Amino acid sequence: MDELSKRYNPGEIEDKWYSHWLGSGHFHSTPDDREAFSIVIPPPNVTGQLHMGHILNNTIQDTLIRRARQEGKNACWVPGTDHASIATEAKVVNMLREKGIKKSDLTREEFLTHAWEWTDKYGGIILHQLKKLGASCDWERTAFTLDEDRSAAVLEVFVDLYRKGKLYRGKRMVNWDPAAQTVLSNEEVLYEEEKTTLYKVKYKIAGTADEWVTIATTRPETILGDTAIAVHPDDERYKHLHGKKAIVPLINREIPIIADSYVDMAFGTGALKVTPAHDINDYEIGLRHSLEVIDVLNADGSMSPAAKLFVGLDRDKARKKMFGALEEAGHIVSTEDLIHNVGRSERTRVVVEPRLSLQWFVDMKAIAAPALKSVMENEIAFYPENLKNTYRHWMENIRDWCISRQLWWGHQIPAWYLKSDASGTNDLNNEQVFVGLTVEEALAEARKITGRHDLQTSDLHQDEDVLDTWFSSWLWPISVFNGWRDTKELDYYYPTSVLVTGWDIIFLWVARMIMAGYEWKNEKPFKAVYFTGMVRDKQRRKMSKQLGNSPDALGLIEQFGADGVRYGIMASAPAGGDILFDEKLCELGRNFCNKIWNALRLVKSWEVDASLPHDDSRALAIRWMRARIQSVNTELSRNYEQFRLSEGVTSLYTFVWDDFCSVFLEVIKPAYGEASDPKSYEETTQVFEEICKMLHPFMPFITEEIWHQLRTRENGEDCMIALLSQQEPSIDPEVIDTFGHILTVKSAVLELRNQYQLSPKETMALVYPSEPELIRLWNIPGTEAVLTKLANATCAQGLGTGVSFLAGKYQYYAALTIEVDKEAELKRMNEELDYYRGFVSSVEKKLSNEKFVANANPEVVE
RNA sequence: GGGAGUAUAGCUCAGCUGGUUCAGAGCAUCUGCCUUACAAGCAGAGGGUCCGCGGUUCGAACCCGUGUACUCCCACCA
């Protein structure tokens, strides 16, 4: 009755067990008197698709959560999604454009209706995909950063910070994304070296016939917004120009020539054009010298009317046109290539524009201190530890966080202004702001501050902007437990046990969560952070849609099985180190599944004959197996403690493949056509069960299947919730030694057979020494054991020619029916001898000096 | 400019406390096997200046110094 297929087929088995687990309620957690082990998922974008980064990240989390469950802890893994303000809004805008609808033609409400439709349609797909991976999340707790509870938390936090004076509205130079048409935080701008052109342009000195000053710029189109030329005060070349005026080319506007020590004399020509509206440094120079600010760009990056020329033209096109016009007018002195850093938007990849604008900021210095301290003092442990330095550097130089975004998809800022007809001013910069959880609260505030009790809510208008997505996700570890409404769950699950995320969002997310934790709970949000590396392709490129080098994650699961993919990604994922993804790894995982599967087939094929005795060789193998399980378990626990998961899974791989399959099962299995004795069968089943438990967190599906194949189980007796056995700390060194010796002999024999190309069918006689005693218990495939005492390395009588070899400290003799290559043998033996001689001399040398006396190794030689 | 890290087999990487567990794994290559659980398998082989040079030590892949080459983060120069 061979009902098991020759190959492991993951498909149906995975679906079967996942729905079984869902039905069993094993994933769900509620507070009780057990120790809590909690993880909050780094929420993927609500409309995202599963990619390799998710697979890596979530496999690690699932492994940790499943292990905790086995340890008897109350494990809770909270899933959810992020509304991903910019990314989602961009997708919706694109979708609408394809339908011929322009965002600008819609009201905010109409747009949000579309966005919610989109979210309802695609949202949660990724959560479904996580289920395919085997993620044992508590789905009853699924949260969304834009749902009611999470939104309430965001508003409360905003108002709280404002009232504590840690949040302000201010006019600053910010990073503007002209494609998304919103401001970005510093962390959302990525700098990369790019090749551009440095233009040297000459400006005429006012009041002279033919006197010029030459500046260097990469952005000629901003010349139209120049309001000064700056030179270094000590620069001898330009001292005569101090206080004079220059004429902006093409538009003939007069601008002052000023002296400012910011200017680098060595760069370019030593003369700098100053455009306060479009460069942070120029802006600061402008402040020092009270310069006019002329903004020559529109929000979309096209030239504004203030530019006077090329109005409406995109900045890149305007640059080319400007160059042409300047050249024609004879203002171009020269051009040269320049490599410099260009900031691009993380989301849209367009070049970010520095822009002066009125935005909301969090005063980070006011909340950073406890968060820095806790990490530096290992209150929160970082894995790998060296990321602490990066963290410290950022925290110590922290800058204010711009949290407003000119978008609609997100949490609208709970700030209200008096409508212009009510405030009597049209100057937006001087608007009075009233912050509150609701418009009523804001109104009360407005009445109080203005003293005008006639004001109504209709006199107020709410800030149009929404908050940065990270302003909701920094609350995630608190908000998923509804921490602002009721702290019962929070008290139990918080701080969470570990956060698993990529190091690329250490500032965007991790650091801010830590700050939020201390600001509102006066407690860390997690005890440890496991930073994963980035998943890259074989050429070390980051996986991205643009490159198309990202494998189809679901396709991989389809192809290799979830357990195979999990194994593949885990085996190569040390904390912090990048992983070069190769499908081969998943193949390895699939093959491993198949190996385990076939071990099951073997065991299941045995008939048990109750009358058979339990022989010594099998008893020895069982003793050895038990000892191995114990040491592997100890090692595994240590690996978990230090989050060395790839080492953990790799050691299980070699243990199962080599020790369990190649050695143990080979001894235990009954000879062909024979049955197993009951004790061997039972012991094997128990060993297999132990293996299932050890392997389960890494490969949950196949282990659950095997667990149920091994025995008939009561309902609910699942591998997933089977507690790890307590291993008694005793060890059995003798059995490890003996077995080690046996394996040495075995491999020596196999090597010999290989060398003489003996077919597996040909048996050969092997002469054993009478010591050690246990060796005779072992049957080496293709050998016939002849137990005798070997003296003086002579051939055993009647066995014909053959070769002798050493294994450990004992000598063996293998009889061969074919001609022995005497010279080769001699050579081999001499090499062996040399090796041992060298070995002995090195040992002896050591013994003469060493503090610690070595053990009995010198015996080896004789 | 500030900081972090890496360099070990053809490739990707382990090597944790300095020591016979010590130069290792997987992949790739080559050889022999359709051996009765598994060819997604089995048994083997070849392949190394542990980046170079100094030092500490009885002893260094490991610690220190230095040089070289890469990688990354942060800050930024028009």
Side-chain angles (χ1 to χ4, degrees), chain A residues 2 4 6-8 186 191 198-199 215-219 222 230 262-264 266-275 279-282 338 340-341 343 384 386-394 397 399 503-504 506-507 534 538 540 560 564 571-572 574 576-580 582 584-585 587-606 635 638-639 642 644 646-647 650-651 653-654 661-662 665-666 669 671-673 740 746-747 749-755 757-761 781-782 839 842-843 845-852 854-855 857 860:
Chain A
D2 187 16
L4 298 181
K6 216 170 159 181
R7 285 190 182 173
Y8 173 61
N186 297 323
Y191 289 91
L198 184 66
Y199 303 87
I215 56 89
T217 181
T218 54
R219 302 199 57 189
T222 64
Y262 166 78
V263 180
D264 177 2
F267 187 90
T269 62
L272 170 71
K273 74 184 213 45
V274 184
T275 322
D279 184 283
I280 178 74
N281 296 303
D282 290 12
L338 178 75
H340 77 151
N341 272 343
N386 62 321
L387 279 167
K388 274 165 70 178
N389 286 315
T390 309
Y391 178 83
R392 185 184 62 206
H393 184 259
W394 189 78
N397 297 285
R399 295 182 293 172
W503 53 254
D504 56 331
I506 182 171
F507 308 134
M534 300 291 103
K538 276 195 276 185
R540 284 192 189 276
F560 299 110
S572 58
D578 285 354
I579 91 160
L580 304 176
D582 187 347
K584 272 245 140 62
L585 295 164
E587 201 179 318
L588 204 66
R590 180 200 59 181
N591 294 354
F592 185 35
C593 287
N594 203 47
K595 185 74 184 175
I596 304 168
W597 182 251
N598 276 289
L600 174 74
R601 285 183 64 219
L602 176 66
V603 174
K604 294 270 286 181
S605 72
W606 298 342
E635 194 190 333
R638 221 178 42 235
N639 283 328
Q642 296 166 35
R644 300 157 65 106
S646 69
E647 284 88 343
T650 313
S651 76
Y653 178 92
T654 44
C661 292
S662 301
L665 289 179
E666 289 297 335
K669 79 174 176 192
Y672 184 63
K746 181 190 170 195
S747 91
V749 169
L750 290 171
E751 195 182 329
L752 207 62
R753 295 184 68 99
N754 216 53
Q755 185 188 339
Q757 304 271 303
L758 283 185
S759 129
K761 283 173 189 130
F839 175 67
S842 81
V843 170
K845 221 159 105 191
K846 274 175 199 168
L847 284 174
S848 60
N849 270 330
E850 222 166 329
K851 294 171 201 160
F852 306 110
N855 47 26
N857 273 336
V860 166

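Numbered from 1 within each chain, the chains take letters A, B, ... in sequence-line order. Small disclaimer: the values here were computed from a predicted structure and weren't measured.
A:Tyr653 has its OH atom 13 Å from the P atom of B:A25, to the nearest Å. Here B:A37 presents its P atom at 20 Å from CZ of A:Phe592, a figure rounded to the nearest Å. Nucleotide B:C76 holds its P atom 16 Å from the CZ atom of A:Phe267, rounded to whole Å. Taking atom CG on A:Asn591 and atom C1' on B:G41, their separation rounds to 9 Å, with Å as the unit. In this structure, CD of A:Gln642 is placed 11 Å from P of B:G15, rounded to the nearest angstrom. One can place CH2 of A:Trp597 at 16 Å from P of B:A37, the figure rounded to the nearest angstrom. The distance from atom OH of A:Tyr391 to atom P of B:G5 is 19 Å, rounded to the nearest whole Å. Counting to the nearest Å, the C1' atom of B:G41 and the CD1 atom of A:Ile596 are 15 Å from each other.
Between the side chain of A:Lys595 and the base of B:C38, a donor-acceptor pair under 3.5 Å is found. One cannot find a donor-acceptor pair under 3.5 Å joining the base of B:C38 and the side-chain atoms of A:Asn594. Looking at A:Glu647, its side chain has no donor and acceptor atom pair within 3.5 Å of the base of B:A25.
Between A:Arg644 and the phosphate of B:G15, there is a side-chain N or O to OP1/OP2 separation shorter than 4.0 Å. For A:Lys6, a side-chain nitrogen or oxygen approaches OP1 or OP2 of B:A39 to under 4.0 Å. In terms of phosphate contacts, A:Arg590 brings no side-chain nitrogen or oxygen within less than 4.0 Å of OP1 or OP2 of B:A40. For A:Lys584, no side-chain nitrogen or oxygen approaches OP1 or OP2 of B:G26 to under 4.0 Å.
Taking atom P in both B:C16 and B:U6, the straight-line distance is 13 Å, to the nearest Å. For the C1' atoms, the distance from B:U66 to B:C30 is 42 Å, rounded to whole Å. Taking atom P in both B:G41 and B:C58, the straight-line distance is 50 Å, to the nearest Å. Separating the P atom of B:A61 from that of B:G54 is a span of 15 Å, rounded to the nearest Å. Here the separation of B:C50 from B:C63, taken at their C1' atoms, is 16 Å to the nearest Å. B:C27 and B:U21 are spaced 27 Å apart, taking the P atom of each and rounding to whole Å. Comparing the same atom, C1', in B:G15 and in B:A75 gives a spacing of 37 Å after rounding to whole Å. Separating the C1' atom of B:U49 from that of B:G44 is a span of 28 Å, rounded to the nearest Å.
With B:C16, B:A43, B:A78 as the candidates, the nucleotide lying closest to the side chain of A:His340 is B:A78. For A:Arg7, counting side-chain heavy atoms from C-beta on, the closest listed nucleotide (B:A75, B:C13, B:A40) is B:A40. With B:U36, B:A78, B:C38 as the choices, the nucleotide that has an atom nearest any side-chain atom of A:Tyr672 turns out to be B:U36. Here B:A37 is the nucleotide among B:C13, B:A78, B:A37 with the atom lying nearest to any side-chain atom of A:Glu666.
Between A:Arg638 and A:Arg644 the shortest side-chain heavy-atom distance does not fall below 4.5 Å. A:Asp578 places a side-chain heavy atom less than 4.5 Å from the side chain of A:Trp503. Looking at heavy atoms from C-beta onward, A:Thr390 lies out of side-chain contact with A:His393 at the 4.5 angstrom threshold.
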What's the verdict on side chain to side chain contact (heavy atoms under 4.5 Å, CB included) for A:Asp264 and A:Leu272, showing C-alpha distance, side-chain angles and the deciding distance? CA-CA 9 Å; A:Asp264 177 2; A:Leu272 170 71; over 6 Å; no
Kindly indicate, with the supporting measurements, whether the criterion side chain to side chain contact (heavy atoms under 4.5 Å, CB included) is fulfilled by A:Leu198 and A:Phe267. CA-CA 11 Å; A:Leu198 184 66; A:Phe267 187 90; 4.2 Å; yes
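If you check every strand for non-hydrogen atoms under 4.0 Å, A:Phe507 touches sugar and phosphate atoms only. Counting any heavy atom pair closer than 4.0 Å across all strands shown, A:Asn386 reaches sugar-phosphate atoms only and no base atom. Among the protein residues, A:Ser605 comes within range of no part of the nucleic acid, since none of its heavy atoms lies under 4.0 Å from any strand. Here A:Val263 lies in heavy-atom contact (under 4.0 Å) with a base. Here A:Leu272 lies in heavy-atom contact (under 4.0 Å) with a base. No engagement by A:Cys593 is indicated, since no non-hydrogen atom pair under 4.0 Å with the nucleic acid exists. The residue A:Arg399 sits close only to the backbone: its heavy atoms come under 4.0 Å of sugar-phosphate atoms, none of a base. Using a 4.0 Å heavy-atom cutoff across all strands shown, A:Arg219 reaches no nucleic acid atom at all.
Atoms CG and OH, from A:Asn591 and A:Tyr8 in turn, are 13.5 Å apart once rounded to the nearest 0.5 Å. Distance CZ/A:Phe592 to OG1/A:Thr654: 8.5 Å, rounded to 0.5 Å. Atom-to-atom distance recorded for A:Arg590:CZ and A:Lys584:NZ is 10.5 Å, nearest 0.5 angstrom.
Take A:Lys669 and apply the salt bridge (charged side-chain N to carboxylate O under 4.0 Å, His left out) test, not counting sequence neighbours, and it matches A:Glu666.
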Just the dot-bracket of RNA chain B, please: which string comes out with Watson-Crick or G-U pairs under 3.5 Å, [ ] for crossing, | for another strand? (((((((..((((.....[....)))).(((((.......))))).....(((((..]....))))))))))))....
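Between A:Gly673 and A:Asn186, the one whose closest nucleotide on RNA chain B sits nearer the 5' end is A:Gly673.
In this structure, A:Trp394 and A:Phe507 have parallel ring planes: the angle between them is below the 30° cut-off, well short of the 60° mark.
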